[in-house]
Amino acid sequence: MGSTRPQRLLRAVQKNSTRGDPQSVISAIDHFCRHKEWAMNVGDEKGSILDGVVSEVNPSTALELGTYCGYSTVRIARLLPPGSQLITLEFNPAYAAVAKQVIAWAGLQDKVQLVEGPSGDLIPQMKELFGVKSFDLVFIDHWKDRYLADAQLLEECGLLRKGSVLLADNVICPGTPEYLEYVRNSPRYESRYFKSHLEYTQAEDGLEKSVFLG
Ligand SMILES: Cc1ncnc2c1ncn2[C@@H]1O[C@H](/C=C/CNC(=O)c2cc(-c3ccc(F)cc3)cc(O)c2O)C[C@H]1O
Ligand SMILES: [Mg+2]
């Protein structure tokens, strides 16, 4: 059985980055995806915007929907203040296995809880599983047709507070039209579009930052 792309990405990380150095892990993945095999990581350009929002929010509790290989998990966790936690949800066991190793290689395993399972089932369990009161930041990057349902589920479960920030990837490409329509028209959100490019390409894409108003 040949290797999978996530497995080849992990090998590139172990070969081309320094254990315990998150920035070198990020650079190794970006190099692999730009020069060897494209993969659906948020990438370096949108990643810088993500970094800015993480630094601005300075979350004590953050949630990521869609871990994939752990690239954005590492980007977020490396910026978290001591004592803060990032919970990341991934329902594909093969991706979760690779992500776990990427996160460990970066030395960030103490800041990250990777939970295997579908977000729709796990979000309602966040309070009882992890004692989460509410999330300061949610990075949304999983199946594009789940963005709206999960944003509304987070509201219904009381996991958003006044000022909680939702940051959604791919609102242009592949696109999340119904999610965008919701956060841009709902009186419960103050939404703003950060124009950028699809990872490792010239195509337009961007991130939507939506602040929950309570
Ligand atoms: C519901 C649920 N719960 C937990 N994990 C979930 C989940 N739905 C997906 N996931 C997990 O997230 C990951 C899925 C991410 C989906 N992301 C994408 O489909 C995606 C696709 C592209 C893209 C753009 C142009 C092209 F021409 C081709 C592809 C770019 C991106 O940045 C993406 O995030 C992996 C999957 O197992
Ligand atoms: Mg994405």
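This one's a predicted model, so the numbers in the text were calculated from it and none came from an experiment. Every number for a ligand or one of its atoms is a count from 1 in the order of the listing.
Ion pairing of Lys133 with Asp136 is absent here, as no side-chain N (NZ or NE/NH1/NH2) approaches a carboxylate O to less than 4.0 Å. Using a 4.0 Å cut-off between a side-chain N of Lys or Arg and a carboxylate O of Asp or Glu, Glu178 and Lys144 do not qualify as a salt bridge. Contact check on Asp150 versus Arg146 returns a salt bridge, with a Lys/Arg side-chain nitrogen under 4.0 Å from an Asp/Glu carboxylate oxygen. Salt bridge present: Arg184 and Glu208 bring a charged side-chain N and a carboxylate O closer than 4.0 Å.
Not one N, O or S atom of Glu199 sits under 2.8 Å from the Mg ion (ligand 2). Here Met40 does not reach the Mg ion (ligand 2): none of its N/O/S atoms is less than 2.8 Å from the metal.
The distance criterion of under 3.5 Å between nitrogen or oxygen atoms is not met by Lys46 with respect to ligand 1. At least one N or O atom of Asp141 sits closer than 3.5 Å to an N or O atom of ligand 1. The shortest N or O to N or O distance between Asp150 and ligand 1 is not under 3.5 Å.
Protein heavy atom in closest approach to atom 5 (N) of ligand 1: Phe91 N, 3.2 Å. Of the protein's heavy atoms, Pro174 CG, 3.6 Å lies nearest to atom 21 (C) of ligand 1. With respect to atom 18 (C) of ligand 1, the closest heavy atom belonging to the protein is Lys144 CE, 3.3 Å. What sits closest to atom 30 (C) of ligand 1 on the protein, heavy atoms only, is Glu199 OE2, 3.2 Å. The protein non-hydrogen atom at the shortest distance from atom 13 (C) of ligand 1 is Glu90 OE1, 3.9 Å. Residue, atom and distance of the protein heavy atom nearest to atom 3 (N) of ligand 1 are Ser119 N, 3.0 Å.
In the displayed structure, Arg161 atom CZ is contacted under 6.0 Å by more than 12 heavy atoms of other residues, nucleotides or ligands.
The backbone N or O of Gln14 sits nowhere less than 3.5 Å from a side-chain atom of Ser17 that would complete a donor-acceptor pair. With hydrogens and angles disregarded, no donor-acceptor distance shorter than 3.5 Å links the side chain of Glu64 to the backbone of Phe139. In this structure, the side chain of Glu90 engages the main chain of Thr67 through a donor-acceptor pair within 3.5 Å. One N or O on the side chain of Asp205 and one on the backbone of Ile172 form a donor-acceptor pair closer than 3.5 Å.
In the vicinity of Pro118, heavy-atom distances shorter than 4.0 Å reach the ligand 1 atoms 3 (N). Ligand-side atoms of ligand 1 in range of Tyr95: 35 (C), 37 (O), range being under 4.0 angstrom from any heavy atom.
When hydrophobic clusters are built by joining Ile, Leu, Val, Met, Phe, Trp and Tyr residues whose side-chain heavy atoms come closer than 4.5 Å, directly or via intermediates, Leu9 is grouped together with Tyr71. Under the 4.5 Å side-chain contact rule for hydrophobic residues, Leu114 and Trp143 do not share a cluster. Val171 and Phe212 fall into different hydrophobic clusters, defined by Ile, Leu, Val, Met, Phe, Trp and Tyr side-chain heavy atoms under 4.5 Å apart, directly or through other members.
Atom 26 (C) of ligand 1 is not flagged as protein-proximal [any protein heavy atom, distance under 4.0 Å]. For atom 34 (O) of ligand 1, the nearest protein heavy atom is under 4.0 Å away.
Of the heavy atoms in Asn170, only side-chain atoms (C-beta onward) come closer than 4.0 Å to ligand 1. Proximity of Leu198 to ligand 1, defined as any heavy-atom pair under 4.0 Å, is confined to the side chain (atoms from C-beta onward). At a heavy-atom cutoff of 4.0 Å, ligand 1 is contacted by the side chain of Asp169 but not by its backbone.
Residue-ligand proximity: Trp38 is placed with a non-hydrogen atom under 4.0 Å from ligand 1.
When the options Tyr147, Tyr68, Trp143 are ranked by their closest heavy atom to atom 14 (C) of ligand 1, first place goes to Trp143. Which of Ala39, Gly66, Gly117 comes nearest to atom 4 (C) of ligand 1 through a heavy atom is settled by distance: it is Gly117.
Using cut-offs of 30° and 60° for the angle between ring planes, the Tyr68 and Tyr95 rings count as perpendicular.
Atoms OD2 of Asp169 and OD1 of Asp141, as seen from the Mg ion (ligand 2), are separated by an angle of 100°, to the nearest 10°.
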